[in-house]
Amino acid sequence: MKIDKGLVGGSTMMLVLSLLSERDFYGYEIIRELADRSDNTFEFKEGTLYPVLHKLENNGFLKSYMQQAETGKERKYYTITKKGLAQLEAEKEQWSVFSGAVNRVVLGEGFAKGLA
Amino acid sequence: MNKGKGACNNFITEVLRHVSFTFDHDVIANELRNHIEESTEYYMLKGFSEEEAMNRAVDAMGDAEEIGKALNKEHKRWIGRLQLFTNFVVAIVLVFTLLATGNYWDVIECYFPGAGEKVISREMDNFINQFEEEGYDIKYGEIHYEVEVGSDKYTFCDGVLIENPFGGDHQLGIYVILDTNPLRYVEYNTIFYSNDGYWRSEGNEVGFNAYDKYGNGIVRRVSKVDTDHRGSGIYEIYMDINADAITPGEENYITFIYDGFGKYFKLEIPLDVFE
């Protein structure tokens with residue numbers, strides 16, 4: 001199932017921060033990882049990742065550094081900052097509240113109670 | 001394959017067309033190119049030809065204009081970007097005006113604002129402190145800037161001993177090297193230094209003119225000098241580029257390059273030609 005682009009767009013930041021909380025990634029790796037883990041649900045236009053990464057970097061949530069690959073290519077890796085980790089926690093919290101509310105409305109009160 | 005490569009280059013060019021802060025172009029282009037190349041390899045493993053694989057990789061990137069505009073929003077923060085790049089609080093302001101002095105001159109005013117008073121020498125101190133922290137033994141005069149105007153390249157450097165072109169002792173001053181247009185001589189104001197090696201200008205303007213071998217003025221530089229600093233103290237630089245040095249009808253840029261001690265930055269500013 002493909003998910004609406006706008007829906008993915010809104011949560012891209014959280015997805016990226018979440019991946020980067022595990023280890024450092026470079027751009028293309030993030031795309032592949034998101035596609036693999038979501039069974040290609042999160043296939044969005046790949047270039048749109050970079051404005052997101054650069055925004056997160058400008059906001060101090062990420063830092064970047066260059067590292068040479070075995071092929072000799074200089075890759076730009078991103079690493080999450082403490083501020084980024086805090087932001088991730090806040091976004092996870094928001095997501096949990098939001099998705100819980102959506103589930104209660106869409107799937108009925110019983111669904112949420114059943115989960116609890 | 002060339003078609004595929006062309007698609008990659010066209011995509012990157014189109015993205016960069018929307019990013020006004022040219023300082024970051026190299027970094028963005030490198031990141032996008034790496035992505036497309038790696039994505040191409042992925043599609044080739046899936047059995048596509050190299051050309052088809054690269055075309056798919058470029059398609060997967062999305063709309064270049066949309067991406068360029070989105071990147072442009074994130075690459076306007078001059079101070080922030082420079083800080084990230086150089087770890088120094090440095091800002092460069094360049095102003096182009098026209099001086100009606102018989103010749104047409106494009107005037108570049110270049111100064112480095114910090115908190116409070118805007119003093120380039122303080123920024124120089126910051127450079128030097130930073131380098132010293134990193135274990136370098138830096139002397140004034142070892143900070144070089146390179147400026148390219150059209151096909152001419154100028155290197156200038158603050159606070160070094162230069163040979164007096166008119167004979168006499170070596171003097172503390174500023175020198176300009178014209179790599180492509182051999183420097184004939186330099187004129188400068190004697191107020192620039194005093195015998196004990198201290199600058200005594202106290203806010204006065206000092207300056208020099210550089211001429212090419214034909215005696216044409218190429219760069220006229222005027223600096224305001226701080227008081228009583230040995231080997232430092234320039235806090236404003238005005239550089240006038242002779243419009244004759246600019247190739248008419250072509251896109252001309254002034255490129256500021258700082259390259260030394262593991263720090264590199266490059267700033268390209270389109271040069272308006274004044275009529």
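First the proteins, then the strands, lettered A, B, ... as listed; each starts at 1. The basis for the numbers below is simple: all heavy atoms, side chains too, and nothing from hydrogens, waters or symmetry mates.
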Report the C-alpha separation of B:E66 and A:K45 in whole Å, then their side-chain angles, then the decisive distance to 0.1 Å, and conclude whether the salt bridge (charged side-chain N to carboxylate O under 4.0 Å, His left out) test is met.
CA-CA 11 Å; B:E66 183 192 330; A:K45 289 299 182 186; over 6 Å; no
Here the gap from B:N72 atom CG to A:H54 atom NE2, rounded to the nearest 0.5 Å, amounts to 13.0 Å
Rounded to the nearest 0.5 Å, the CG atom of B:N34 sits from the OH atom of A:Y28 at a distance of 12.0 Å
For B:I67 and A:P51, the nearest pair of non-hydrogen atoms, with its separation, is O-CG, 4.0 Å
The reported gap from CD in B:E31 to OH in A:Y26 (rounded to nearest 0.5 angstrom) is 12.0 Å
When rounded to the nearest 0.5 Å, the distance separating CD of B:E74 from CG of A:N59 is 7.0 Å
Tightest non-hydrogen contact, residues A:M66 and B:N30, listed as CE-ND2, 3.6 Å
Honestly, the part of B:I28 sitting under 4.5 Å from a heavy atom of chain A is side chain
When rounded to the nearest 0.5 Å, the distance separating CD of A:E29 from CD of B:E38 is 7.5 Å
Here the gap from A:N58 atom CG to B:K73 atom NZ, rounded to the nearest 0.5 Å, amounts to 13.0 Å
Honestly, the part of B:L32 sitting under 4.5 Å from a heavy atom of chain A is side chain
Bottom line for B:D59: the part with an atom under 4.5 Å from chain A's heavy atoms is backbone
